[in-house]
Amino acid sequence: MSTSTQHQFRYTQTPSKVLHLRNLPWECTDDELVELCRPFGKIVNTKCNVGANRNQAFVEFADLNQAISMVSYYASSSEPAQVRGKTVYIQYSNRHEIVNNKSPGDVPGNVLLVTIEGVEAGDVSIDVIHLVFSAFGFVHKIATFEKTAGFQALIQYTDAETAAAARNALDGRSIPRYLLPEHVGSCHLRISYSAHRDLNIKFQSNRSRDYTNPMLPVNHTAIDGALQSVVGPDGKKIEPESNVLLASIENMQYAVTVDVLHTVFSAFGTVQKIAIFEKNGQTQALIQYPDITTAATAKEALEGHCIYDGGYCKLHLTYSRHTDLNVKAFSDKSRDYTVPQVPAVSWQNPQAGPMYPGTAPALQGQVPGGQMLSWDPSQQAATQSYVSAPGTYPSQPYAAPPNPVYAAAAAPASSTITQSNSIVHNASSMGITQPGVSLNVNLQPTGGSPPVPGSSPLMQASPIAGASPPGHQPYFT
DNA sequence: AGCACA
């Protein structure tokens, strides 16, 4: 069959502008290829780290004669071609041009395309982005936008070198947690190059900046709200109303869980999202309603009230500057009731270290207008087994409430969450049967409905019924 | 040391 009639010698190839190099060190860079080949002519393209061992490469000369000169030089040279001390074998490639598999994002340039994973546009201010990327050189312009890929930013530097330095340092890293809103979990940066060379920024706004042009008109409507806090006549900060409430919980003698908060705040309308976190040793929570009116009603009704009788777990409510929380749909510290509730299992990446330990403290003070809450990532780690039976909360530091008025109403079926439970919320069921919490008051379950006087547990004299701390489920009593 | 992810 194969008459092995070698109509061409295996090692003899027709000349090509493209040279095939092998036996390269696997660390070889394009720069080293250029260094090696440049003496023979103009290199128009390279491709290194080719092959399973990443030890082959291609170099394309502008002119065929240049390639020929290199091959013939080393064919008769006593000194072999070398890269990092390794002898490099050179021959004509059997192709005549290098096909760049380089995706556009790999072509270096002075503008970076940054995807900030795991956050929404409102979570990372343009000032934080500016802060982070200024560590590598003067940032000329920033434009942010939301695409299907998520929240993205174009960062324009003076040159490709600076951009490359920033990319190398930051790609895959995370923005330091203290620069982020308290509810943000992990937040990884994916950085590629943009094809842009010069961004066209029309306004200074909360979405785009041109740091080279202070005269640029300011889009106030866009910049307000995001950055400026209103100051009242007495000099006190007036917090603009928001659909998201920030709750500080004083005298937290008993556990205040997501479920407890959901029960309490659902009395005034649909609770969309909840995030619990610690700030300065105090427990705080963000509660998101669909609208400001509902939030205002809840704030009015609940401010200064206690979740449990006896002055325990007293709520202090303010408006958050957030409008849409970005929270893990199901964890022990956060809940998103707008998505189907399935216990999260696969979050193996709970924390990323700070990016620049050395510069971090200096950066902290520069964040504009931020409630910079410290946030212990370990508290945020996803809890996959969420079984509310007595004794299954090893870190539960709280004692049972003194006045278990909720005990009578709990039913086993609704008082346990297991991993196998599929907990699906939709608009109509939201807030009615919250697993882990037994309800015995007629809360107004769904959004939009005005609070019925007396329907809020906190407006009654008794502690909040239905807010049974996990681990103290009454069906065992 | 031998031709490029499909």
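Values below: every heavy atom of this structure, side chains too, minus hydrogens, waters and symmetry copies. Sequence lines set the chain letters: A, B, ... in the order given, protein chains first and strands last, and positions in each chain run from 1.
The nearest whole Å value for the distance from the CG atom in A/N100 to the P atom in B/dC3 is 20 Å. If you measure from atom CG of A/N23 to atom C1' of B/dC3, you get 15 Å, rounded to the nearest angstrom. Protein atom CG of A/L21 is 11 Å distant from nucleotide atom C1' of B/dC3, rounded to whole Å. Between the C1' atom of B/dA4 and the NZ atom of A/K17 lies a distance of 16 Å, rounded to the nearest Å.
Among the heavy atoms of the strands lying under 4.0 Å from A/N94 is at least one base atom, whether or not backbone atoms are also near. Nucleic acid contact class of A/V88 (heavy atoms, under 4.0 Å, all strands): none. Note on A/E60: nothing from the nucleic acid sits closer than 4.0 angstrom, heavy atoms only.
A heavy atom closer than 4.0 Å to some atom of DNA chain B occurs in no member of residues 66-80 of chain A. The stretch residues 41-57 of chain A touches DNA chain B through A/K47, A/V50, A/Q56, each having a heavy atom under 4.0 angstrom from the strand.
Not one N or O on the side chain of A/S16 forms a donor-acceptor pair closer than 3.5 Å with the backbone of A/Y92. For A/N23 (side chain) and A/T87 (main-chain N/O), a donor-acceptor pair under 3.5 Å exists by modelled atom type.
Below 30°, between 30° and 60°, or above 60°: for A/H130 and A/Y211 the angle between ring planes is below 30°, a parallel geometry.
Residues forming a ring pair (Phe, Tyr, Trp, His ring centres under 6.0 Å) with A/F40 (at least two apart in sequence, or on another chain): A/Y73, A/Y74.
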